[in-house]
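Protein chains get the first letters and strands the later ones, always in sequence-line order, with residue 1 at the start of each. Since the model is a prediction, treat every value here as computed from it, not as a measurement.
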Amino acid sequence: MTVAVFIEHRGDKLLPIALEGLGAGRKLADALGQPLSAVLVGSDIGGLALSAIASGSDKVYVLDDPLLKDYQPDAYVAVLEKVARQINPQIFIIGQTDAGRDLAPRLAFRLGTAVTTDCVDLAIDPASKRLLATRPVYGGNALAVFSSDTDPQMVTIRTKTMTPLAPDTARKGEVINIAAGLDAAAIRAKVINRVVEEVAGINIEDAERVVAGGRGIGSAEGFKQLEELARLLKGAVGASRPPCDSNWVPDTVQVGLTGKIIAPELYIAVAISGSSQHMSGCSGARTIVAINKDKEANIFRHARYGAVGDWKKILPAFTAKVRELISY
Amino acid sequence: MLEDPAFADADTYTTAEALSAAIKKAGQFDLILCGREASDTNAGQTGAGIAELLGVPCVTLARKIEPTEGKVRVERVTSTGYEVIEAPLPAVVTVSNEVGEPRYPTIKGIMAAKKKEPVVWKPADIGIQAGGRRVKLNRLYQPVHEEKCEFIAGENPEEMGDNLALKLREVKVL
């Protein structure tokens with residue numbers, strides 16, 4: 001019996017969500033008195049096993065194969081099924097990432113179990129020793145706690161909701177290689193190209209400060225003012241869904257349940273009403289500041305500081321004052 | 001149409017099981033389209049489940065779908081852009097909101113719809129026993145927002161903008 005975490009990586013580093021998964025998995029494994037296993041899939045990735053151990057794993061299962069270099073849905077589901085059948089995890093944690101949200105439901109069906117996606121909290125029920133998985137439902141308006149009777153109890157976790165351990169290189173662990181043994185015929189859907197749509201400036205998911213606009217910004221032209229402020233703050237521009245749907249900004253900067261889920265230090269929401277779908281994407285921000293003409297707008301229920309009025313008048317003055325203040 | 005009280009409180013497994021059984025009963029298919037996620041649970045699993053149960057490939061979160069001879073070419077939305085994926089048919093594709101706008105029904109369409117008789121199947125019609133759940137809901141609640149908004153004063157919007165910046169500096173957010 002073990003708690004397993006599928007750990008994703010990019011380049012020569014584990015992704016933050018992989019470390020968050022290991023942090024969450026470590027707590028659950030300790031509560032159950034089980035070892036924590038990391039599952040590492042890719043090509044030429046052996047070197048990452050040590051960081052997985054430093055971040056909490058007792059065992060690292062490595063599936064290293066040129067066919068697994070990048071995420072390919074059928075290949076990844078096949079090898080994860082193989083690992084799951086071999087190590088029999090009682091709990092299997094996967095990140096709610098581009099790959100994770102795609103593969104977790106398939107893997108669950110293939111293993112004859114269930115997955116609770118996009119969890120924001122995981123705990124062990126003291127009486128039943130089963131996993132209690134908390135996730136937002138109804139577009140972020142409510143939270144639901146789920147459990148299941150089938151193993152592995154699979155979950156995907158939302159980014160930045162779990163705490164990683166401080167890496168400790170003195171930690172000991174075991175690395176186990178498993179042959180991928182892929183059957184080429186089982187790979188049907190193929191990713192033939194990956195296109196990165198460049199967004200100028202800082203990536204919104206990495207930005208400490210985000211200036212986001214809503215429907216009320218009114219045009220692509222209007223977003224230029226938000227960009228100016230974002231540049232000044234060394235941050236990124238975000239948006240709620242309407243500006244993306246209207247092509248004022250690229251879809252990749254959409255913040256919300258069906259866009260990016262971010263947790264910057266500062267989130268400045270300009271002309272955003274604050275629907276629960278949108279707030280699901282930014283409620284992890286440390287400080288939310290809102291500018292909106294409607295005092296009753298939902299955004300003010302989440303904001304720490306608010307200004308009620310026409311953003312076209314407030315924002316230029318705000319930006320000018322910020323420029324003055326930070327130049328000292 | 002699958003309609004029965006047994007489907008009312010279905011979890012993803014039961015939903016996917018019922019839909020895949022109905023698809024099999026309906027006969028041959030090339031392409032099954034599903035939405036990205038339900039608006040209540042937001043789980044995003046049904047399409048993948050149908051594909052697994054039918055043993056066909058699945059491509060999720062499509063923003064563009066082009067069927068070609070025996071294949072489907074899909075642009076899949078990712079956090080940094082998109083992926084181009086090719087899958088042999090038959091296949092399941094789930095679509096994201098970027099794929100397009102809903103059509104408004106025309107008067108002609110509404111009239112034509114009135115003449116159509118929906119086929120309604122019960123669990124027994126598609127050979128399943130619906131009603132079981134693999135996932136149990138233990139608790140459902142509304143989180144409380146503790147944040148209390150401090151509204152920034154000002155004689156006019158410009159002054160408000162100034163005062164907001166000064167406030168953020170004062171509390172060391174800037």
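Of the possible polar contacts, one joining the B:Arg134 side chain to the A:Thr113 backbone as a donor-acceptor pair under 3.5 Å is found. Using a distance-only test at 3.5 Å, with no hydrogens or angles considered, a donor-acceptor pair links the side chain of A:Lys260 to the main chain of B:Ser79. Between the side chain of A:Arg209 and the backbone N or O of B:Leu174 there is no donor-acceptor pair closer than 3.5 Å. Between the B:Arg139 side chain and the A:Ala144 main chain, no donor and acceptor come within less than 3.5 Å of each other. A distance-only check finds a donor-acceptor pair linking the side chain of B:Gln45 to the backbone of A:Val115 [under 3.5 Å]. A:Thr252 places no side-chain N or O within 3.5 Å of a backbone atom of B:Gly81 that could act as its donor or acceptor partner.
For chain A, the nearby parts of B:Leu166 are the backbone and the side chain; heavy atoms of each come within less than 4.5 Å. The parts of A:Leu143 that come within reach of chain B are both its backbone and its side chain, each placing non-hydrogen atoms under 4.5 angstrom from that chain. Looking at A:Thr134, only its side chain comes within 4.5 Å of chain B, counting heavy atoms on both sides. In this structure, chain A has heavy atoms under 4.5 Å from both the backbone and the side chain of B:Glu83. With a 4.5 angstrom heavy-atom cutoff, A:Pro316 does not touch chain B via any of its atoms. Contact annotation for A:Leu132: only side-chain heavy atoms (C-beta onward) come within less than 4.5 Å of a heavy atom of chain B. For A:Asp125, no part sits under 4.5 Å from any heavy atom of chain B, backbone or side chain. For a residue to count as touching a neighbouring chain, one of its non-hydrogen atoms must lie under 4.5 Å from one of that chain's; by this rule A:Ile288 does not touch chain B. A:Ile291 touches chain B through its side chain: at least one heavy atom from C-beta onward sits under 4.5 Å away, while N, CA, C and O do not. For a residue to count as touching a neighbouring chain, one of its non-hydrogen atoms must lie under 4.5 Å from one of that chain's; by this rule A:Val289 touches chain B with the side chain only. Only the side chain of A:Thr287 comes within less than 4.5 Å of a heavy atom in chain B; its backbone stays farther off. For B:Val56, the part lying near chain A is the backbone, with the side chain staying farther off; criterion is any non-hydrogen pair under 4.5 Å.
With rounding to the nearest 0.5 angstrom, the CG atom of B:Asn163 is 11.5 Å from the CZ atom of A:Phe318. Annotation: the span from B:Met160 atom CE to A:Asp310 atom CG amounts to 10.5 Å, rounded to 0.5 Å. The CZ atom of A:Phe146 sits 7.0 Å away from atom CZ of B:Arg133, with the distance rounded to the nearest 0.5 Å. From A:Lys321, atom NZ reaches atom NZ of B:Lys167 across 15.0 Å, with rounding to the nearest 0.5 Å. Atoms CG and CZ, from B:Asn42 and A:Arg135 in turn, are 6.0 Å apart once rounded to the nearest 0.5 Å. Here A:Arg101 contributes atom CZ and B:Glu37 contributes atom CD; the two are 7.5 Å apart, rounded to the nearest 0.5 Å.
Contact check on A:Lys190 versus B:Glu86 returns no salt bridge, with no Lys/Arg side-chain nitrogen under 4.0 Å from an Asp/Glu carboxylate oxygen. Contact check on B:Arg63 versus A:Glu197 returns a salt bridge, with a Lys/Arg side-chain nitrogen under 4.0 Å from an Asp/Glu carboxylate oxygen. Classification of B:Arg76 and A:Asp98 as a salt-bridged pair fails, no side-chain N sitting under 4.0 Å from a carboxylate O. The existence of a salt bridge linking A:Lys313 and B:Glu158 is excluded, since no basic side-chain nitrogen approaches an acidic carboxylate oxygen closer than 4.0 Å.
Counting heavy atoms from C-beta outward, B:Asn97 and A:Asp245 have side chains that approach closer than 4.5 Å. Residues B:Arg73 and A:Ile192 are in side-chain contact: their nearest non-hydrogen atoms beyond the backbone lie under 4.5 Å apart. For the pair B:Lys136 and A:Asp149, the minimum side-chain heavy-atom distance is below 4.5 Å.
With respect to chain A, the highest number of heavy-atom pairs below 4.5 Å among B:Ala87, B:Pro57, B:Ala91, B:Ala16 belongs to B:Pro57. Looking only at heavy-atom pairs under 4.5 Å with chain B, the residue among A:Ala317, A:Pro136, A:Cys244 that has the most is A:Ala317.
Residues of residues 18-27 of chain B never come within less than 4.5 angstrom of chain A, heavy atom to heavy atom.
With sequence neighbours left out, B:Asp30 forms a salt bridge (Lys or Arg N to Asp or Glu O under 4.0 Å) with no residue at all.
For the pair A:Lys295 and B:Phe151, the cation-pi criterion (under 6.0 Å, within 45° of the ring axis) is fulfilled.
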